Enquirer: 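Here it is, the structure in full.
We count residues from 1, following the sequence as given. These numbers were taken from a predicted model, which means no experiment stands behind them.
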Amino acid sequence: MSDQKSVRLPDPASVETVLASLQAQSADAALAPALNKTFPGFAFTVVTIDDPYWCNPHAVVAADGTRHGDHRAWIERGLAELGGDLTAFWNRHRGAGKKFAEWRGTSAFAFAPTGPGVADFLQLSLGRELEVLAGPVVDPDYRPNSVDQLFEPTWVSRDSAAEAQPLAGPVYRLRSRAGGGIVHMKNFLARRARIDKEQREASRPELENRIIREVGPDGTRDTAFLDANPDWFDFVPRENRFFADWQRSSACAHRIFDHWAFDIHDLEDHRRREIGFIPRPLKMPAGKLALGVNISVHRLMERTEAIDAEVGLPFAWFFLMTHGHWVEPDVGDAIAEGLRQARVRLPDRDAAVLLAWADKKYLF
């Protein structure tokens, strides 16, 4: 981002205008240039993640391609004509050739750096969607037991490999239902830490009076909660630790958003602010790394080095481990113990990060 003049920050309405202006045949290639043109001073890059999702059916299409309007309204209207008789509705349409259309998509993210810091970037959370002809309007083999089964079809495959005739798209949509559609990561992390601290401070009066009672063979022992948890008010959220560990490790030579996207939520749930993210790797190893039986720490080190080479990032295995899917946390514990016993070595900065994690774990 240019430091020479003020820049226009992306806002939801402006981003949605950009997305609506894209033509389906060129949307993938045109998205980043369109964002850069609308928001001078930013240099956006766009990535997609293979995590298929689908939206509720929205239209009914006849065999000849004629559209019959909104899916739900069409069902309600058809049932009303038959006095609500589900069996009659099913018999009428099970062989009529009408199908329903729905939007199917995958997650996409647009990033733009705003400074030299690890968290100095903007993230736009998007969906890349295709309208497809998903399947017949009723299950041809089984009669529906309720109208809800018609509204939410389960008889079609939505597997990522499932074939479905495309009708329109791709289109890009801003995904902001959980408050994470447009985020400046540095501001988000500051907000995450502030809200956690405020929530913990709000509970201080109650925690100062909370007692942990342990009953054992030698009798009962009471311990004040804050004596048992002396660091309670110094807690650092896992999201902030993830970025701090990146900055302290050998991964810091790489831009974090070249390797990770962040599934952000920031909302009110039962009058409590819920804020955080789940990191989403953009580059994943071919297989998972588990501790295994009788596997040596030296073999584990070889495997972690292979993951780093495969992903193209030093210390990549550690951040994949905090996610918990590709590298099991037991691997980190085993390597940390190997470091303590001087059986293996890591770069000093990476060793410090891993040992701090082993002492006080966080996972997503």
Enquirer: Determine whether more than 12 heavy atoms belonging to other residues, nucleotides or ligands lie under 6.0 Å from atom CG of Asn294.
Expert: no
Enquirer: Could you tell me which residues satisfy ring pair (Phe, Tyr, Trp, His ring centres under 6.0 Å) with His254, sequence neighbours excluded, listed by chain and number?
Expert: His259
Enquirer: Should Asp51 and Arg280 count as an ion pair when the cut-off is N to O under 4.0 Å?
Expert: yes
Enquirer: Does the plane of the ring in Phe121 sit parallel, tilted or perpendicular to the ring in Phe243? Use 30° and 60° as the thresholds.
Expert: parallel
Enquirer: Apply the test salt bridge (Lys or Arg N to Asp or Glu O under 4.0 Å) to residues Glu81 and Arg77: give CA-CA distance (whole Å), side-chain angles for both, the deciding distance (0.1 Å), then the verdict.
Expert: CA-CA 6 Å; Glu81 292 172 358; Arg77 185 168 61 249; 5.0 Å; no
Enquirer: Rounded to the nearest 0.5 Å, how far does CZ of Arg238 lie from CZ of Arg241?
Expert: 11.5 Å
Enquirer: Test Lys98 against His68 for side chain to side chain contact (heavy atoms under 4.5 Å, CB included), laying out the working first.
Expert: CA-CA 9 Å; Lys98 290 186 176 67; His68 290 271; 3.9 Å; yes
Enquirer: Scan the side chains in residues 29-36 for donor-acceptor partners under 3.5 Å anywhere in the protein, sequence neighbours excluded, and list what turns up.
Expert:
from, atom 1, to, atom 2, distance (Å)
Asn36, OD1, Phe44, N, 2.7
Asn36, ND2, Ala32, O, 3.3

Enquirer: For Trp232, enumerate each residue passing the ring pair (Phe, Tyr, Trp, His ring centres under 6.0 Å) test, keeping only those at least two apart in sequence or located in another chain.
Expert: Phe225
Enquirer: Are the side chains of Val353 and Phe315 in contact, using a 4.5 Å heavy-atom criterion?
Expert: yes
Enquirer: By the rule that ILVMFWY residues connect when side-chain heavy atoms come within less than 4.5 angstrom, directly or transitively, which residues belong alongside Leu79?
Expert: Val60, Trp74, Ile75, Leu82, Leu86, Phe89, Trp90, Phe100, Val137, Val138, Val147, Leu150, Phe151, Trp155, Val156
Enquirer: Going by side-chain heavy atoms closer than 4.5 Å, which hydrophobic residues are tied to Ile211, directly or by a chain of links?
Expert: none
Enquirer: Going from CZ on Arg192 to CD on Glu239, what distance comes out if it is rounded to the nearest 0.5 angstrom?
Expert: 4.5 Å
Enquirer: What do you reckon, is CG of Asp348 surrounded by more than 12 foreign heavy atoms closer than 6.0 Å?
Expert: no
Enquirer: Using a strict cut-off of less than 4.0 Å between a Lys/Arg side-chain nitrogen and an Asp/Glu carboxylate oxygen, indicate whether Arg200 and Glu198 qualify as a salt bridge.
Expert: no
Enquirer: For Phe235, what are the other residues in its hydrophobic cluster, where any two members join if their side-chain heavy atoms are less than 4.5 angstrom apart?
Expert: none
Enquirer: Out of curiosity, Leu313 CG to Ser250 OG, how far, rounded to the nearest 0.5 Å?
Expert: 7.5 Å
Enquirer: For the residue pair Arg255 and Phe111, would you count it as a cation-pi contact if the rule is NZ or CZ under 6.0 angstrom from the ring centre and within 45 degrees of the ring axis?
Expert: no
Enquirer: So, do Phe109 and Ser107 sit near enough that their side-chain heavy atoms are less than 4.5 Å apart?
Expert: yes
Enquirer: Cation over ring, Arg204 on Phe233, under 6.0 Å and within 45°?
Expert: yes
Enquirer: Indicate whether any N or O donor in one side chain lies under 3.5 Å from an N or O acceptor in the other, for Thr87 and Arg143.
Expert: yes
